[in-house]
Amino acid sequence: MRYVMQLLIIIAFAFAGEVLHHLLPLPFPANIYGIILLYLALHLKIVKVKQIKEVSTTLIIAMPVMFIPPAVGLMNTWGDIRDSWPQYLLITFLTTFIVMACAGWATQLVIRYKNKHKN
Amino acid sequence: MIHEFLAETVYLGVILTLCSYAIGLWLKKKTKLALMNPLLIGIILTILVLWLTDTPYDNYTHGTQVINYLLTPATICLAVPLYEQIQHLKNNFHAISLGIISGVLSSMLSILAMVLILDLDHTSYVTLLPKSITTAIGMGVSEELGGNVPVTIMVIVFTGIIGNIFAERFLRLIGIINPVAKGIAIGSASHVIGTTKAMEIGQTEGAMSSLSIVTSGIITVIVASLFAHLV
C-alpha cells in the first residue's frame, strides 16, 4: 500500500506536468514542469521526501534502462548523421573541456574573491 | 509463423533491453573502465542483436513502450535529490550559481561557435545543445527543439564518459583545486557519469557535482530555448 501511494503521488505530478506543458506555450519538455512542481511541493512541505522515497530512488536507479529504447532509434536516424559524425565527435570532445573550465574557474574565482574580502 | 509470433510479443524487446543493460553492468563491475558504461554497452548490444536478427526498430519499440511510460515519472523524481542537495547552495550561493550559469552559457556558446565554424545545420545544432546535461532532461530538450533524439542521447553519454575519464587530470592542469569548484565543474560539464568520478575524488566534490546535474539541466532548458533560434 505504501508503495502504491508513493507511485500514485509521482504519477500525479507527471500528469500535472503534462497538463502544464499542454497549457503553457513554452518550448520546454513536459518532464521539466513535473520536476519543478514536485520540487515546489517538497519545498512547501506539501509532500514529504519519505512519502516518495523508496519508489523515487528505485525509478532513478533504473533510469538508464529507460534511455536504451529511444537511443536504439539510432538504427533509423544513423543515416542523417553518417557524414557528419566526426564533427559531432569533435564538438562533443572540445565543449566538454570548455564547460568544465568555465564552470570551475567561475566558481573558484568567486570563492577566492569572497575569502580575500573576509580577511 | 514463429517469426510473426516473435514480432508480436511485447516481452522480447524488454528482455533484450534488460539483458543488454545487465551485461553492461557486469562488464563495468569487472573492468571498472569508464568506457564500459552500462548504458553505452546496453545501447550497442541491443542495436547489434536487432541488426543481426534483422528486426525492424518498430517491432522492438512495440514491446518497449512499457519502459518508455516510466521515463517521465522517473525524471520527475530528480526533484528529490535536488531538494536534498539544495542546502549545499546556502554556503556558497554566489560562487555556485555563477559557476553553474557559466557552465551552461559556455556550453551553448561553444556549441554555437563550433556549429557555425563546421557549417552544420539547425537539426545538428539543437541535437547538440543539451549535450552537457543529464539524459532525462537533455532528450526532452532535443525533442522539443526538433533535434535527433537518439544522437542526443549518444552525445550526452559520450560527454559523460569523457568527463569521467579526464576530469581529474584536466582540472589539475588548469589549476582548479577548490573542492567546491571541482564538483561544480564536473557536474556542469559531464552530469551523472562525471559525478561518479567526483564522488570518488571527495565528498564535497560529489555533493557539488550532484547539485549541478539538475540545476544546470533546468537552466539549460530555458537558455537552450533562446539559443535554438540562432542557427
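Sequence lines set the chain letters: A, B, ... in the order given, protein chains first and strands last, and positions in each chain run from 1.
- Once rounded to the nearest 0.5 Å, the distance linking CG of B/Asp58 with CG of A/Asn76 reads 6.5 Å.
- Taking A/Gly17, A/Ala14, A/Pro64, A/Pro69 one by one and counting their heavy-atom pairs under 4.5 Å with chain B, the maximum is reached by A/Pro69.
- Proximity of B/Leu71 to A/Phe67: side-chain heavy atoms (C-beta onward) are separated by under 4.5 Å at one or more points.
- The ring-ring contact (aromatic ring centres under 6.0 Å, His included) analysis of residues 118-140 of chain B, with sequence neighbours excluded, yields no pairs.
- Top candidate by heavy-atom pairs under 4.5 Å with chain B, chosen from A/Phe93, A/Phe13, A/Tyr113, A/Trp85, is A/Phe93.
- Of the inter-residue distances, the one linking B/Ile100 atom CD1 with A/Thr107 atom OG1 reads 7.5 Å to the nearest 0.5 angstrom.
- Partners of A/Glu18 under the salt bridge (Lys or Arg N to Asp or Glu O under 4.0 Å) rule, at least two apart in sequence or in another chain, do not exist in this structure.
- With chain B as the partner, the residue from A/Val110, A/Val99, A/Leu109 showing the most heavy-atom pairs under 4.5 Å is A/Val99.
- Contact count versus chain B (heavy atoms, under 4.5 Å) is highest, among A/Ala101, A/Pro27, A/Cys102, for A/Pro27.
- Identified under the ring-ring contact (aromatic ring centres under 6.0 Å, His included) test for residues 64-89 of chain B, with sequence neighbours left out: none.
- Side-chain atoms of A/Gln108 come within 3.5 Å of backbone N or O of B/Gly175 as a donor-acceptor pair.
- Interface summary for chain B: among A/Asn31, A/Val49, A/Leu94, A/Ile68, the most heavy-atom pairs under 4.5 angstrom belong to A/Ile68.
- Each of A/Ala62, A/Pro70, A/Ala30, A/Ala41 has some count of heavy-atom pairs under 4.5 Å with chain B, and the biggest count is that of A/Pro70.
- Contacts between residues 77-84 of chain A and chain B, counted as heavy-atom pairs separated by less than 4.5 Å, involve A/Thr77, A/Asp80, A/Ile81, A/Ser84.
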